[in-house]
Amino acid sequence: MFYDPRKNDHGLPRCPFKAIVSPRPVGWITSMSAKGEINLAPYSFFNAVSDDPPIVMFSSDGYKDSMAFVAETKEFVCNLAVLDLLTAVVNTGISYPRGINEMAAAGLDPVPSRLVRPPRVKASPCALECKLLQIIDIDDLDGQPSHRHVAFGQVVGIHIDDRFIKNGRLDTAAMQPIARCGYADYAVVDKVIRVERPRTPDEAHPLIKPAAE
Ligand SMILES: Cc1cc2nc3c(=O)[nH]c(=O)nc-3n(C[C@H](O)[C@H](O)[C@H](O)COP(=O)(O)O)c2cc1C
């Protein structure tokens, strides 16, 4: 099939776009207002865009509380969303009035960050402390506001639960990170496939399906 997303003429009960760009990592974003209010919410329009310097982004549909707080105080923390915390992650996506601390509402303990004011989620195995680089308000092809706002932050501090470092490597599969698929579906990374990158044409892999470790 082919469809035009401006017409949404896919004929399906629900738009399939998010099931195509899938799975998306979940940035579980802690932020703080100028008044010191704490906010925690999941964002799956989230990713790293660079590793040196490390830069991450998240995109907000409208100026939600996280984006408003980040615009105010120019800092945020991305907590790693993992399977053990999936229901808490989803619960923090509930639309509470501005000023309600979703971390407390979800029964999660905060831990002070080292270099930024928003705290991190204690139960999360990794957290990225970020300072805002810029917020981009995206216009669409007609030059109209899309009402989508993207915050880019440079990572200035990284927390890793040492239990997940094995033989000098971070064991991603052991942490079981979750990722957003379409609809109400989530994926879990609990196994990985290692494929070394060929540096020359001679090293190119044969075209076979790699086996999971
Ligand atoms: C797993 C998950 C991913 C989400 N991703 C996004 C997203 O990328 N952008 C967005 O605007 N809202 C997203 N939402 C919805 C927000 O989390 C929700 O609107 C939340 O109330 C926003 O909180 P805030 O206003 O405190 O920032 C997501 C919700 C869930 C459960």
Side-chain angles (χ1 to χ4, degrees), residues 1-31 39-67 70 76-83 85-95 102 124-128 130 132-155 170 172-173 175-195 197 207 209-210 212:
M1 71 182 278
F2 174 84
Y3 77 96
D4 176 346
R6 285 164 298 187
K7 298 184 190 140
N8 262 335
D9 53 350
H10 43 69
L12 302 172
R14 293 189 56 186
C15 174
F17 175 75
K18 290 194 285 185
I20 297 172
V21 187
S22 167
R24 298 181 305 283
V26 176
W28 202 15
I29 309 288
T30 333
S31 56
N39 199 88
L40 175 65
Y43 284 81
S44 68
F45 291 122
F46 162 83
N47 222 313
V49 298
S50 164
D51 65 341
D52 186 17
I55 297 173
V56 295
M57 53 68 66
F58 71 97
S59 172
S60 181
D61 172 357
Y63 241 80
K64 294 184 177 176
D65 295 353
S66 302
M67 191 59 66
V70 169
F76 59 98
V77 177
C78 307
N79 304 277
L80 186 67
V82 296
L83 184 59
L85 300 170
L86 176 56
T87 49
V89 170
V90 175
N91 285 345
T92 57
I94 294 170
S95 182
E102 292 90 352
S124 172
C126 296
L128 308 176
C130 303
L132 180 68
L133 293 168
Q134 62 184 122
I135 294 175
I136 298 181
D137 305 319
I138 301 181
D139 288 343
D140 68 13
L141 282 174
D142 302 320
Q144 298 302 313
S146 68
H147 304 289
R148 300 311 187 264
H149 312 278
V150 186
F152 291 86
Q154 185 163 332
V155 181
L170 183 56
T172 302
M175 295 190 294
Q176 298 187 304
I178 54 163
R180 187 97 193 255
C181 300
Y183 319 106
D185 297 344
Y186 292 83
V188 182
V189 178
D190 54 9
K191 73 176 182 213
V192 294
I193 297 169
R194 189 176 300 176
V195 180
R197 182 174 158 188
L207 300 180
K209 188 175 169 186

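Small disclaimer: the values here were computed from a predicted structure and weren't measured. Heads up: numbering here begins at 1 and tracks the sequence.
- In this structure, the side chain of Asp4 engages the main chain of Arg6 through a donor-acceptor pair within 3.5 Å.
- With rounding to the nearest 0.5 angstrom, the OH atom of Tyr43 is 3.5 Å from the OG atom of Ser66.
- Checking Ser124 against Trp28 by side-chain atom types alone, no donor-acceptor pair falls below 3.5 Å.
- Taken to the nearest 0.5 Å, the OH atom of Tyr63 stands 13.0 Å off from the NE2 atom of His147.
- Side-chain atoms of Gln176 do not come within 3.5 Å of backbone N or O of Asp190 as any donor-acceptor pair.
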Could you walk me through whether Phe152 and Val150 pass the side chain to side chain contact (heavy atoms under 4.5 Å, CB included) test, one step at a time?
CA-CA 7 Å; Phe152 291 86; Val150 186; 3.7 Å; yes
Derivation of the side chain to side chain contact (heavy atoms under 4.5 Å, CB included) call for Gln144 and Asp139:
CA-CA 5 Å; Gln144 298 302 313; Asp139 288 343; over 6 Å; no
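- The heavy-atom pair separating Thr92 from Glu102 by the smallest distance is CG2-O, 3.8 Å.
- No side-chain heavy atom of Pro145 sits under 4.5 Å from any side-chain heavy atom of Asp137.
- What you find for Arg180 and Val26 is that their closest heavy atoms are N-CG2, 4.0 Å.
- Between Pro54 and Leu128 there is no side-chain heavy-atom pair separated by less than 4.5 Å.
- When all heavy atoms of Gly62 and Ser60 are compared, the pair lying nearest together is O-OG, 2.6 Å.
- Residue Tyr3 places its OH atom among more than 12 non-hydrogen atoms of other residues, nucleotides or ligands, all under 6.0 Å distant.
- Here the CG atom belonging to Asn91 is positioned 10.5 Å from the CG atom belonging to Leu40, to the nearest 0.5 angstrom.
- Taking CG from Asn39 and CZ from Phe76, the interatomic distance works out to 13.0 Å, rounded to the nearest 0.5 Å.
- Taking CG of Asp61 as the start and NE2 of His149 as the end, the distance is 8.5 Å to the nearest 0.5 Å.
- In this structure the side chain of Val89 never reaches within 4.5 angstrom of the side chain of Tyr186, judged on heavy atoms.
- Minimum heavy-atom separation, Tyr183 to Ala19: CE1-CB, 3.8 Å.
- Note: Leu80 CG to Leu85 CG = 9.0 Å, rounded to the nearest 0.5 Å.
- For the residue pair Asp140 / Ser146, no side-chain donor-acceptor distance below 3.5 Å is found, with atom types taken as modelled.
- Looking only at distances, a side-chain donor or acceptor of Arg24 sits under 3.5 Å from a matching main-chain atom of Lys18.
- No more than 12 heavy atoms of other residues, nucleotides or ligands lie within 6.0 Å of CG in Leu141, so this atom counts as exposed by the packing criterion.
- The shortest heavy-atom contact between Cys78 and Cys130 is SG-SG, 4.1 Å.
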